[in-house]
Amino acid sequence: MDAIWAKTALTGEGWKPDVRIGLNQLGMIEAVEAGSPPCGYQVDIALPAVCNLHSHGFQRVLSGLAEDRHTTGADSFWTWRKLMYACIGQVMPEEIEAITAYAQVEMLESGFSAVAEFHYLHHNPDGTPHSHLAELSSRIIAASRVTGIGLTLLPVLYQHGGCGKRQPLPEQARFVNTIDSYLELFDESARALEVLPADSRIGIAAHSLRAVDPNDLVQLREIHPDLPLHMHIAEQQREVAEFEKVFGMRPVEWLTRHASIDGKWCLVHATHMTELETRKLAESGGVAGLCPITEANLGDGIFNGVDYIHHAGNYGVGTDSNIRISLCEELRMLEYSQRLKHRRRAVLSKPGQSSGRAVFDASLLGGSLALARQCSSIEPGQLADIFTLDAHSEVLADCQNDEILDSFVFAGDSQLVLDVWSAGRHVVREGRHIHRDRIRDRYLKVRKAIHKRLNE
């Protein structure tokens, strides 16, 4: 049995000193023993690693390249989407693999151990299927095989260009499937996933209620009732208004009435909800998939966090467009956006509770639920998803217990992360991914080529 020994560790029983964490060959934690003498791989601070519950890996290549204002009117998500579609029209399978691999390296180096890849890019640029339907899913899998990140692959059903079965735009041709072709694609993706370690998962996803026939969503859940189900919901006010006009109710209201939402559902963004929708979603047990950096970058709006946690709702964080990949910064933006909205401090914590600990614990649980991954704490029977922090940094100097998380979240950055294990795979050492250089070099070549094509 391999072992990690930490001077301080956040275990399932709270903060403990001199902790030996025993791992087995399956990447599971077999033993957690406080007060143990030093042994094995020795670290200062060990924490359970968080799951990234929402990513579009290929969008990492657009980071920093979509900030010019290209309209005389209001710039918005919808104008950004045109630039994203221009990129989609050109990116090739091998480029998707290279971009995704580099995004996963950055995720791991920031303290994420696993990712839910919301994968809606399926076909050739002209919309024709690849000879191997799961060609692009296989590229995501290949990237994950190299990086060692824990993968929950979410092939996405996308049928229409908008509510009322509006015809898709030509730029959306790479996304579109019927329910039957989607199920075939899903089966091929599941078979392709078999090359990854046993902690990998597959789930189902619907892009959004504007892009999927609601009846097909219900059918999809009936076919795969036990898998994670993810979908975008209520991200944009225009989207909410369009759905309400066609269906006579708001999208989250429709879901809570017509779908049996539980802890296997992850509803991404859920930004624009009424108080009743907020309460219904919280009480359902579903996970709100919050992506604070992307939501700020796109001007989406601010999640109704105060009412949601008042009703004990589950939530986690994701990197979405990957404009900036950082666990601590996602958690920081989440709390800070609530502070700006309500003009007070410590909004998402309870009286007497640390703000950093509150958002960290919630994201551990929500991410674990969303990915169907048993990894929410350092205790026997959980996957060995663990990351360590540099106790010698001035940011963490003399910090104890929850002060460590407060300082990491509100004063730190990814440079504090020294080691990361994903299901026992030691993929980040001394702050760097073990294959960083070759993955980065490949990514930079692809980014340069795509940037050149976008500017021709």
Side-chain angles (χ1 to χ4, degrees), residues 1-51 108-114 148-150 197-199 327-328 331 353-354 356-365 367-368 373-409 412 414-434:
M1 183 192 300
D2 291 328
I4 303 167
W5 183 89
K7 291 181 182 178
T8 300
L10 179 56
T11 74
E13 297 180 349
W15 291 101
K16 299 292 180 181
D18 303 332
V19 178
R20 177 186 175 274
I21 305 167
L23 315 181
N24 66 22
Q25 293 182 346
L26 299 177
M28 305 291 293
I29 298 172
E30 279 198 346
V32 178
E33 302 165 352
S36 297
C39 63
Y41 189 90
Q42 298 177 29
V43 303
D44 291 323
I45 302 167
L47 300 164
V50 175
C51 294
L108 289 161
E109 289 179 344
S110 80
F112 289 113
S113 59
I149 201 167
D199 61 289
L327 168 60
C328 66
L331 299 177
Q353 184 183 30
S354 146
R357 180 69 183 273
V359 294
F360 185 80
D361 281 356
S363 297
L364 276 174
L365 176 60
S368 175
R373 187 175 177 87
Q374 193 173 345
C375 64
S376 59
S377 66
I378 296 178
E379 61 181 297
Q382 295 279 305
L383 285 169
D385 282 16
I386 298 167
F387 76 109
T388 73
L389 297 177
D390 181 5
H392 301 286
S393 165
E394 65 278 11
V395 175
L396 300 179
D398 301 319
C399 289
Q400 301 292 323
N401 300 336
D402 286 351
E403 293 174 344
I404 294 169
L405 286 171
D406 285 338
S407 295
F408 173 59
V409 171
S414 297
Q415 293 183 17
L416 294 176
V417 177
L418 293 181
D419 300 276
V420 177
W421 288 263
S422 176
R425 298 179 294 273
H426 194 178
V427 291
V428 174
R429 303 179 186 226
E430 297 182 359
R432 290 174 60 85
H433 190 275
I434 56 176

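Numbers here simply count residues along the sequence, with the first being 1.
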S.K.: Would the number of heavy atoms belonging to other residues, nucleotides or ligands and lying under 6.0 Å from CD of Glu379 be above 12?
M.R.: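 Buried by this count: over 12 neighbours within 6.0 Å.
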
S.K.: The test is side chain to side chain contact (heavy atoms under 4.5 Å, CB included); show your working for Leu23 and Ile29 and say whether it passes.
M.R.: CA-CA 5 Å; Leu23 315 181; Ile29 298 172; 4.1 Å; yes

S.K.: One pair to check against side chain to side chain contact (heavy atoms under 4.5 Å, CB included): Phe112 and Val420. What are the steps and the verdict?
M.R.: CA-CA 8 Å; Phe112 289 113; Val420 177; over 6 Å; no

S.K.: Got a sec, which residues hit salt bridge (Lys or Arg N to Asp or Glu O under 4.0 Å) with Asp406, two or more places apart in sequence or on another chain?
M.R.: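 Once residues adjacent in sequence are excluded, Asp406 has no partner under the salt bridge (Lys or Arg N to Asp or Glu O under 4.0 Å) criterion.
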
S.K.: Counting distance only, does the side-chain N/O of Gln374 pair as donor-acceptor with the main-chain N or O of Gly381 below 3.5 Å?
M.R.: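 Yes, Gln374 side chain to Gly381 backbone: donor-acceptor pair under 3.5 Å.
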
S.K.: Using the rule given for side chain to side chain contact (heavy atoms under 4.5 Å, CB included), can you reason through Ser377 versus Gln382, listing the C-alpha separation, both sets of side-chain angles and the distance that settles it, and then say yes or no?
M.R.: CA-CA 7 Å; Ser377 66; Gln382 295 279 305; 3.9 Å; yes

S.K.: State whether a side-chain donor-acceptor pair under 3.5 Å links Ser113 with Asp385.
M.R.: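 Indeed, the side chains of Ser113 and Asp385 share at least one donor-acceptor pair under 3.5 Å.
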
S.K.: Please report, to 0.1 Å, the donor-acceptor pairs under 3.5 Å made by any side chain of residues 39-50, with sequence neighbours excluded.
M.R.:
residue : atom : partner : partner atom : Å
Tyr41   : OH   : Asp419  : OD1          : 2.6
Asp44   : OD1  : Lys7    : NZ           : 3.4
Asp44   : OD2  : His392  : NE2          : 3.4

S.K.: Using modelled atom types and a 3.5 Å cut-off, is there a donor and acceptor pairing between side-chain atoms of Arg20 and backbone atoms of Ser36?
M.R.: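 Judged by distance alone, no pair lies under 3.5 Å.
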
S.K.: Looking only at atom types and distance, does a side-chain atom of Glu109 sit under 3.5 Å from a main-chain N or O of His433, one as donor and one as acceptor?
M.R.: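 A pair under 3.5 Å: yes.
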
S.K.: Look only at the side chain of Asn24 and the backbone of Gly27, and say whether a donor-acceptor pair between them is shorter than 3.5 Å.
M.R.: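 Yes: the side chain of Asn24 pairs with the backbone of Gly27.
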
S.K.: Could you list all the salt bridge (charged side-chain N to carboxylate O under 4.0 Å, His left out) pairs where at least one residue sits in residues 388-397, not counting sequence neighbours?
M.R.: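 Residue pairs passing salt bridge (charged side-chain N to carboxylate O under 4.0 Å, His left out), neighbours aside: none found.
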
S.K.: Without swapping roles, check the side chain of Arg429 against the backbone of Ile434 for a donor-acceptor pair under 3.5 Å.
M.R.: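 Not a single qualifying donor-acceptor pair exists.
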
S.K.: Determine, stepwise, if the pair Thr388 / Val417 fulfils side chain to side chain contact (heavy atoms under 4.5 Å, CB included).
M.R.: CA-CA 6 Å; Thr388 73; Val417 177; 6.0 Å; no

